[in-house]
Amino acid sequence: MHSFLLIVETFWSLCSAHIIRVTLRPICHFFNSCLNKRLFSFSVFLLSSLFPPPLLIKQAEPVDESSVKKMILTFEKRSYKNQELRIKFPDNPDKFMESELDLNDIIQEMHVIATMPDLYHLLVELNAVNSLLGLLSHENTDILSRDLTVYNAVVDLLQELTDIDTLHESEEGAEVLIDALLEGQVVALLVQNMERLDEQVKEEADGIYNTLAIIENMAEFRPGMCTEAAQQGLIQWLLKRIKAKMPFDANKLYCSEILAILLQNNDGTRELLGEMDGIDVLLQQLSVFKRHNPSTAEEQEMMENLFDALCSCLMLPSNRDRFLKGEGLQLMNLMLREKKMSRTSALKVLDHGMIGPEGADNCHKFVDILGLRTIFPLFMKTPKKMKKTGASEKEHEEHVCSIIASMLRNLKSQQRTRLLNKFTENDCEKVDRLMELYFKYLEAVQQADKRIEGEKHEMVRRGEILDDSMEDEFYLRRLDAGLFVLQLICYIMVEISNSGNSQLQQRVHQILNLRGGSVKIVRHIMREYAESIGDGKTEEFKESERKRIMDLVDNF
């Protein structure tokens, strides 16, 4: 190895002193005597890193469609020659070493194509995409078993070709490339290769990271591919990698990020993860943070990614049951009590798990495990130490109010009685807190409404048209000001006022009157809430839910 490094150092000095095109052939004879395949692999990788071909000190030639075609045809020839020699001399590396270097050279040169996405169609038309995928295919396991040079070169090229900024430069060229990659089942090939890589070796760990980057780029450009990618083994591999007993590293962080991306707005991947016992995997990985904070910012990011993935999964009703059986409620309840960084995200998970009629079983179980003792202290006082988790006061109060509103909607008999009793404790202090929050958010929303009305008046004065997109923007601004939290608070107010407990109803109206509040305003807010409820549900559900809410409002 010492002799090898001396040769490299000497050769590099010679290259620096002469204005010539650098190739690796002048020192290839050094490897002819390398019978050890691992040394051969290391040597090719190190040399190709030291001397990225071609090193040109002279001015580069202009690149156009003609030169790209020539480059692709050269790649095809060299790829075929390398494959032919590998098959002919499988146990004699020195026979195909030169073709290996030639192939690596041309793949490196092809990086220039990534600067011209409008020419991506040539990669498809001249079969280069299929050839690149062929170098990753299962039949070419010898590439992985002997050296990573060509594999890493192909992955690096695909990563650069699919760079999201580059893809957006030419939508037409990008569509052609992504179509060809998906048709060639690129995700399945990448997953197969990641399964064979050993992350104890840095070069192979880097290969996995770059492979995940390709998948992320494609998923960001075409979100619809997530279901197909998940079905090609990606979800299974990600879960396996996340739960692997290995030290935390960049690859585990990246896996958590890709998993969260795949589960966004996609019931197909959520169902697939649930069937693979993925809910249990997520809960097991998150359980580490019930008593310990993440040690680094990167580990905190991974924790948040896993929480996001779990929240996405809970949007699917069948996963609510898996979460219940996996004792997810107990874990989240414990996290709330421990007051670690995981508390904010645990609150968000509970919100997702208990909302809607599908959350009824979780609501009842939460009361059974004494969750009321945990949630109401968080309702009575918003924690001040939330900056580290990036959560705002409004987010905290929204999740807490949403959980209480879900319980009021879903709980029956004994559990509902226990919940209502909480509001009568200590001279109805929780009703006082509820009304405090009501006036806080009412003021914030009214201020936002005033600003919006002023803007609308100014737009009308200028003769501008208020279209639907503008109205949507104004509505989002109202939500951002706290409209949804205000709606949840009003829902809790009308629920407890209709509970049959006259003490609660009298306290709500008493505080409204003392602070100059109006029943009409509460009813108006609830009518607006009823109109927007049930997105994504059936029309039958929406109608019955609206009627239920309006009955509560009429009796308020």
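The first residue in the sequence is number 1, and the count goes up from there. In this text, all values refer to a predicted model and were calculated from it rather than measured experimentally.
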Counting only heavy atoms from other residues, nucleotides and ligands, does the tally under 6.0 Å from [atom1] of [X] exceed 12?
X: M315; atom1: CE; answer: no
X: K365; atom1: NZ; answer: no
X: L514; atom1: CG; answer: yes
X: E195; atom1: CD; answer: yes
X: K440; atom1: NZ; answer: yes
X: K240; atom1: NZ; answer: no
X: E471; atom1: CD; answer: yes
X: D468; atom1: CG; answer: no

Does the distance from a Lys or Arg side-chain N to an Asp or Glu carboxylate O, for [X] and [Y], drop under 4.0 Å?
X: R477; Y: E455; result: yes
X: K348; Y: E395; result: no
X: E275; Y: R322; result: no
X: R478; Y: E473; result: no
X: K412; Y: D361; result: no
X: K325; Y: D280; result: no
X: E495; Y: R416; result: yes

Using 0.5 Å steps for rounding, measure from the [atom1] atom of [X] to the [atom2] atom of [Y].
X: D449; Y: K456; atom1: CG; atom2: NZ; answer: 8.5 Å
X: D321; Y: E358; atom1: CG; atom2: CD; answer: 12.5 Å
X: Q487; Y: C401; atom1: CD; atom2: SG; answer: 12.0 Å
X: L181; Y: L190; atom1: CG; atom2: CG; answer: 9.0 Å

Heavy-atom closest contact ([X] atom, [Y] atom, distance):
X: M354; Y: S406; result: O-CB, 3.3 Å
X: F307; Y: A346; result: CE2-N, 4.0 Å
X: N217; Y: T162; result: CB-O, 2.9 Å
X: A219; Y: I261; result: CB-CG2, 4.2 Å
X: R320; Y: N362; result: O-ND2, 3.7 Å
X: L253; Y: M302; result: CD1-N, 3.5 Å

Kindly say whether [Y] contributes a backbone atom to a donor-acceptor pair with the side chain of [X] at under 3.5 angstrom?
X: R270; Y: L316; answer: no
X: N210; Y: D156; answer: no
X: D480; Y: L476; answer: no
X: N319; Y: C313; answer: yes
X: E204; Y: D198; answer: yes
X: S499; Y: I496; answer: yes
X: S312; Y: D308; answer: yes
X: S497; Y: V494; answer: no
X: N293; Y: F289; answer: no
X: T269; Y: N266; answer: yes

Is there side-chain contact between [X] and [Y], with heavy atoms separated by less than 4.5 Å?
X: C255; Y: E257; answer: no
X: Y254; Y: I208; answer: no
X: Q231; Y: T227; answer: yes
X: L512; Y: S518; answer: no
X: L483; Y: Y475; answer: yes
X: E175; Y: F221; answer: yes
X: R409; Y: E545; answer: yes
X: M218; Y: R222; answer: no

>> I'd like to know whether I525 forms a side chain to side chain contact (heavy atoms under 4.5 Å, CB included) with I489, so could you lay out the CA-CA distance, the side-chain angles of the two residues, the decisive distance to 0.1 Å, and finally the verdict.
In response: CA-CA 10 Å; I525 293 168; I489 292 167; over 6 Å; no
> Going through the distances and angles, do N193 and T211 end up as a side chain to side chain contact (heavy atoms under 4.5 Å, CB included)?
Replying inline: CA-CA 9 Å; N193 285 318; T211 299; over 6 Å; no
>> Under the criterion side chain to side chain contact (heavy atoms under 4.5 Å, CB included), I'd like the reasoning laid out for M332 against L283: C-alpha separation, chi angles, the key distance, then a yes or no.
In response: CA-CA 9 Å; M332 298 304 123; L283 291 174; 4.0 Å; yes
> Could you go step by step and tell me if L336 and L347 meet the side chain to side chain contact (heavy atoms under 4.5 Å, CB included) rule?
Replying inline: CA-CA 7 Å; L336 294 184; L347 200 61; 4.0 Å; yes
Quiz: residues 369-381 side-chain donor-acceptor pairs under 3.5 angstrom, not counting sequence neighbours:
from : atom 1 : to   : atom 2 : distance (Å)
T374 : OG1    : N333 : OD1    : 2.8
T374 : OG1    : R337 : NE     : 3.0

>> Which residue in the set E436, E398, K394, E397 passes side chain to side chain donor-acceptor pair (under 3.5 Å) when paired with Y441?
In response: E397
>> Would E531 and K542 count as a salt bridge (Lys or Arg N to Asp or Glu O under 4.0 Å) here? Give the steps.
In response: CA-CA 9 Å; E531 286 301 315; K542 291 180 184 179; over 6 Å; no
>> Going by side chain to side chain donor-acceptor pair (under 3.5 Å), name the residues that satisfy it together with N426, two or more places apart in sequence or in a different chain.
In response: E429
>> Could you walk me through whether K252 and D249 satisfy the salt bridge (Lys or Arg N to Asp or Glu O under 4.0 Å) test, starting with their C-alpha distance in whole Å, then the side-chain angles of each, then the deciding distance to 0.1 Å, before giving a yes or no?
In response: CA-CA 6 Å; K252 185 168 185 177; D249 60 6; over 6 Å; no
> Are E338 and R343 close enough, and set up right, to give a salt bridge (Lys or Arg N to Asp or Glu O under 4.0 Å), and what steps lead you there?
Replying inline: CA-CA 8 Å; E338 289 296 330; R343 177 166 66 174; over 6 Å; no
> Does a donor on one side chain and an acceptor on the other come within less than 3.5 Å for E171 and H168?
Replying inline: yes
>> Against the six-membered ring of F556, is R523 placed for a cation-pi contact (under 6.0 Å from the centre, within 45° of the normal)?
In response: no
> Where do K450 and E453 land on the salt bridge (Lys or Arg N to Asp or Glu O under 4.0 Å) test, with the steps shown first?
Replying inline: CA-CA 5 Å; K450 188 176 180 181; E453 285 303 316; over 6 Å; no
